[in-house]
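Below is one structure, written out as structure tokens; comments come after it.
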Amino acid sequence: AHAARASTRSSTARSSTRAHATCARSSTARAHAARAHATCARAHVGRRNAPPKNARKLRAAQPVTIVAFGDSVTNGGGVTRPEDWYQTQFLARRHERFPQTPIRMLTAAWGGASSKAYLEAPAGGPYDFVRDVLDPKPDLVTLEFVNDAYLDEPGVAAHYAGILEKIRATGAELVLITPHLIRPDWMNVPDTLFTEDPRPYVKGLKQFAAANNVALADASADGANSANEESPTKPSSQTTSTTQTKEAKESSPTHLWISS
């Protein structure tokens with residue numbers, strides 16, 4: 001009986017330990033997801049890069065429709081409150097800035113999928129690119145797909161050219177959102193203490209945006225800045241001249257917005 005009670009206590013202790021570990025992992029995952037949403041919401045579209053038609057409509061208090069197109073991050077993955085989703089934070093900031101402008105925010109998101117999978121999904125199903133993204137006649141489409149990170153620079157140029165053509169055919173403007181930082185081993189780097197995201201996909205997005213006059217919200221840079229600020233050991237490449245520091249501050253991501 002004594003042995004049985006000891007065994008029961010041991011089993012209970014192991015179960016309790018597992019429960020605490022599961023809770024800790026869950027808490028960490030929730031914190032990581034919340035940070036991803038905050039990072040995407042803060043990502044900055046500067047005045048020189050802001051979609052001009054949307055800026056004019058916002059200033060004129062004309063109705064604006066926005067479609068947030070993406071994967072699990074855009075689908076609220078990891079956060080329980082819809083008000084914490086990055087597009088909800090973005091919408092709230094637009095309402096604050098342009099209180100007289102009617103703004104409709106729609107979400108077209110497929111957790112765990114790439115943009116290619118969304119585009120190729122059968123019409124009429126749960127994920128229909130034409131119905132979900134094009135048919136609402138959006139003024140603006142934001143695109144966030146960390147699951148597209150398998151693409152290299154040429155792959156981004158080829159694949160995103162088709163997406164851009166479809167979106168522009170409706171008269172909409174596009175904002176590309178670079179992906180938030182993920183686990184270093186998934187990015188093939190030792191840590192996230194870098195000033196320039198080394199992922200070919202991120203480089204490809206920046207090149208594509210510049211070549212096609214597309215707005216880009218650099219969430220990856222915002223994440224890198226946050227990681228460096230929080231780290232007690234910053235990379236030596238952080239040392240810059242006064243001029244470079246000023247330029248970095250002016251272009252530093254603060255929030256996703258359409259400037260006036």
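Quick caveat: nothing in here was measured; it's all calculated off a predicted structure.
W110 and A121 get closest at one heavy-atom pair: CZ3-CB, 4.0 Å. The two residues V141 and A172 have their closest heavy-atom pair at CG2-CB, 4.4 Å. The heavy-atom pair separating E173 from I167 by the smallest distance is O-CG2, 4.3 Å. Counting all heavy atoms, side chain and backbone alike, T80 lies closest to P82 at O-CD, 3.5 Å. Heavy-atom minimum distance, G76 versus W85: CA-CE2, 3.3 Å.
In this structure, the side chain to side chain donor-acceptor pair (under 3.5 Å) partners of E120, at least two apart in sequence or on a different chain, are K116.
Taken together through direct or relayed side-chain contacts under 4.5 Å among Ile, Leu, Val, Met, Phe, Trp and Tyr, L164 and F145 form part of one hydrophobic cluster.
Taking CE of M105 as the start and NE2 of H95 as the end, the distance is 8.5 Å to the nearest 0.5 Å. Between the CG atom of L216 and the CG atom of L143 there is a distance of 10.5 Å, given to the nearest 0.5 Å. Within the model, atoms CZ of R93 and OG1 of T88 stand 11.5 Å from one another, a figure rounded to the nearest 0.5 Å. Rounding to the nearest 0.5 Å places NE2 of H159 at 6.0 Å from CG of L119. Atoms CZ and CD1, from F208 and I163 in turn, are 8.0 Å apart once rounded to the nearest 0.5 Å. Rounding to the nearest 0.5 Å gives a distance of 8.5 Å between CG of D197 and NZ of K203.
Judged by distance alone, with hydrogens and angles left aside, the side-chain atoms of D148 form a donor-acceptor pair with the main-chain N or O of S115 at under 3.5 Å. Within the 3.5 Å criterion, the main-chain N or O of T74 finds a donor-acceptor partner in the side chain of E144. With S114 contributing its side chain and A117 its backbone, the two residues share a donor-acceptor pair below 3.5 Å. Judged purely by atom type and a 3.5 angstrom limit, T178 has no side-chain atom pairing as donor or acceptor with the backbone of V202. A donor-acceptor pair under 3.5 Å links the side-chain atoms of R199 to the main chain of P179, judged by distance alone. Side-chain N or O atoms of K53 include one that pairs as donor or acceptor with a backbone N or O of G171 at under 3.5 Å. In terms of modelled atom types and a separation under 3.5 Å, the side chain of E153 and the main chain of Q207 share no donor-acceptor contact.
The salt bridge (charged side-chain N to carboxylate O under 4.0 Å, His left out) contacts involving residues 66-82 comprise R81-E83, R81-D84, where partners must be two or more places apart or lie in separate chains.
Residues V64 and F98 have side chains not in contact (no heavy-atom distance under 4.5 Å, counting atoms from C-beta outward). Y160 is listed as a side-chain neighbour of L205, based on a closest heavy-atom distance under 4.5 Å.
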Side-chain donor-acceptor pairs of residues 129-140 under 3.5 Å, sequence neighbours excluded:
residue	atom	partner	partner atom	Å
R131	NH1	G125	O	2.8
R131	NH2	G125	O	2.9
R131	NH2	P126	O	3.2
D132	OD2	Y118	OH	2.6
D132	OD2	D128	N	3.0
D139	OD1	K57	NZ	2.8
D139	OD2	T65	N	2.7

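Neither side chain, Q87 nor T142, offers a donor N or O lying under 3.5 Å from an acceptor on the other.
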